[in-house]
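I have placed the structure first, in the form of structure tokens, so that the comments after it can refer back to it.
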Protein chains: 2
Amino acid sequence: MLSYTEENYLKALLMLSFQNETRPEAGTNEMAAHLGVKPATATDMLKKLKEKNLVTYQKYGKILLTEEGKKNGITILRKHRLWETFLYEKLDFSWDEVHEVAEQLEHIQSPKLVNKLDEFLGFPEFDPHGDPIPKANGEMPSFEKTLLSELTAGETGKVTAVKDTSTLFLQYLEKLNITIGTNIKVLELIDFDGSLNIQIENAPNRSVSMKFAGSLYVKR
Amino acid sequence: MLSYTEENYLKALLMLSFQNETRPEAGTNEMAAHLGVKPATATDMLKKLKEKNLVTYQKYGKILLTEEGKKNGITILRKHRLWETFLYEKLDFSWDEVHEVAEQLEHIQSPKLVNKLDEFLGFPEFDPHGDPIPKANGEMPSFEKTLLSELTAGETGKVTAVKDTSTLFLQYLEKLNITIGTNIKVLELIDFDGSLNIQIENAPNRSVSMKFAGSLYVKR
DNA sequence: TATATTTGTTAGGTAAGTCTAACTTTTATA
DNA sequence: TATAAAAGTTAGACTTACCTAACAAATATA
Ligand SMILES: [Mn+2]
Ligand SMILES: [Mn+2]
Ligand SMILES: [Mn+2]
Ligand SMILES: [Mn+2]
């Protein structure tokens with residue numbers, strides 16, 4: 001049985017492993033920052049997780065989830081994303097509101113609940129941010145990871161997911177009338193600062209920053 | 001901000017106040033037993049709750065919730081019963097399974113979630129056990145509290161709630177095809193041991209014990 | 001009313017999870 | 001490669017929630 005806190009550490013390590021695309025290892029400071037605790041606290045927890053065979057790591061070395069640790073992390077992530085979907089689809093939460101509440105709901109212990117919820121939602125493959133929801137068996141639906149910033153002038157992409165899930169970004173997208181499924185055409189690339197002029201389906205044309213274009217996943 | 005544990009203590013005190021019909025006061029041992037902790041632990045917590053002005057009590061005296069404590073307890077109870085209703089109505093949980101999971105869900109912090117859930121469920125007045133769900137303003141729908149054991153021979157009652165919510169009792173009721181809304185006619189009262197012969201709607205006649213008849217609320 | 005029983009409190013201890021301050025190791029850079 | 005910076009660890013402390021054992025007060029009963 002894992003504690004609420006241990007679950008958070010495992011999920012954090014899993015997400016860092018997705019983020020660090022080259023190698024799935026994480027560092028203590030990185031992990032601590034992700035969880036909003038001090039590095040000293042992360043070190044303490046690491047010892048405990050190692051003791052329980054959920055991570056492999058040695059002093060001053062990198063952290064890697066074991067199979068068991070990964071399995072547990074995936075379970076939490078599955079719950080997190082199913083709950084986000086529930087809040088968004090059934091209770092009319094906006095996509096910048098779901099995360100905070102799902103952060104709590106993901107820790108509810110009841111295998112039956114998770115699977116019934118999945119069924120109730122119609123076995124969704126992606127959450128409101130376009131992130132893949134792990135299946136009951138641990139598999140992750142895959143999706144194209146093309147960034148809007150990778151498109152060339154003239155190309156069109158349909159938004160599949162957001163890379164940045166911060167409230168600030170999500171609310172800005174809402175203002176721009178962009179959501180999962182919206183088509184965006186790149187009109188022009190500005191070499192000077194990497195910004196682009198885009199045409200948004202059902203919304204006025206816009207100029208957006210490089211940072212913006214690097215935060216949206218699209219399908220060509 | 002109340003901790004998970006403090007919330008459990010307040011809900012326990014509230015429910016004991018409903019139970020002790022004569023006076024709403026509770027004792028340390030009673031409280032500890034209800035929460036599954038040792039009396040010494042309950043005493044510790046009591047001091048903290050008193051410090052926070054959630055209960056009034058003095059050493060060796062009885063425990064009483066303050067208005068603030070009661071308000072908080074009612075909020076938890078509202079969430080508990082709404083979640084039970086959700087699990088029962090939307091996710092096909094049986095009425096003996098809902099309690100355990102609601103025990104966890106009641107602690108999720110999000111006023112918006114509670115109210116949206118209430119709306120999603122159609123503002124239910126009673127939970128799957130027939131217990132009243134406190135309204136957002138703290139009011140409790142009232143209901144008739146006649147026990148099956150109070151009926152006389154020949155009278156018919158419609159089941160409105162269960163007094164005992166133990167798995168053992170709920171599963172027995174299920175076996176007998178009795179649920180909220182079922183009509184039961186008292187055929188005969190046996191003076192010797194207080195048992196009664198009853199006629200259950202859509203099920204064979206039965207003899208049930210005094211204990212059984214004292215655990216079911218009905219409406220004449 | 002004296003004594004036994006029940007009820008409630010205190011003292012002292014543990015475990016989880018967090019922190020700060022000081023220290024060590026690793027890595028980057030001059 | 002020596003040194004500075006960054007990354008990570010350790011020691012010691014705090015808070016919350018729990019426990020056991022010993023004690024004190026209140027209540028029931030002979
Ligand atoms: Mn969490
Ligand atoms: Mn998400
Ligand atoms: Mn609870
Ligand atoms: Mn109930």
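Numbered from 1 within each chain, the chains take letters A, B, ... in sequence-line order.
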Which part of the nucleic acid, if any, lies within contact of [X], taking any heavy atom under 4.0 Å across all strands shown: a base, the sugar-phosphate backbone alone, or nothing?
X	value
Thr28(A)	sugar-phosphate
Tyr4(A)	nothing
Thr41(A)	base
Ala40(B)	base

>> Starting the side chain at C-beta, find the nucleotide from dT9(D), dC19(C), dG8(C) nearest to Tyr57(A).
In response: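 Nearest listed nucleotide: dT9(D).
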
> Thinking salt bridges, do Arg78(B) and Asp118(B) make one under a 4.0 Å N-O criterion?
Replying inline: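 So Arg78(B) pairs with Asp118(B) through a salt bridge.
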
> Charged N to carboxylate O under 4.0 angstrom, Glu30(B) versus Lys62(B)?
Replying inline: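 Lys62(B) and Glu30(B): not salt-bridged.
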
Can you check the [X] [atom1] to [N] [atom2] distance for me, whole Å?
X	N	atom1	atom2	value
Glu30(A)	dT9(D)	CD	P	13 Å
Asn29(A)	dT25(C)	CG	P	17 Å
Lys59(B)	dC23(D)	NZ	P	16 Å
Glu6(B)	dT16(D)	CD	C1'	9 Å
Tyr60(B)	dT9(C)	OH	C1'	5 Å
Leu35(B)	dG8(C)	CG	P	14 Å
Gln58(B)	dT10(C)	CD	C1'	18 Å
Asp44(A)	dT20(C)	CG	P	13 Å

> Is the distance between the ring centroids of Tyr4(B) and Tyr4(A) under 6.0 Å?
Replying inline: no

Can you find a side chain N or O atom of [X] that sits less than 4.0 Å from OP1 or OP2 on [N]?
X	N	answer
Tyr9(A)	dT18(C)	yes
Lys38(B)	dC18(D)	no
Lys47(A)	dT10(D)	yes

> Taking everything shown except Lys52(A) itself, do over 12 heavy atoms lie less than 6.0 Å from its NZ?
Replying inline: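 Atom NZ in Lys52(A) is crowded, with more than 12 foreign heavy atoms closer than 6.0 Å.
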
> Pick one: which of Thr66(B), Leu77(B), Leu54(B) meets side-chain contact (heavy atoms from CB on, under 4.5 Å) with Asn72(B)?
Replying inline: Leu54(B)

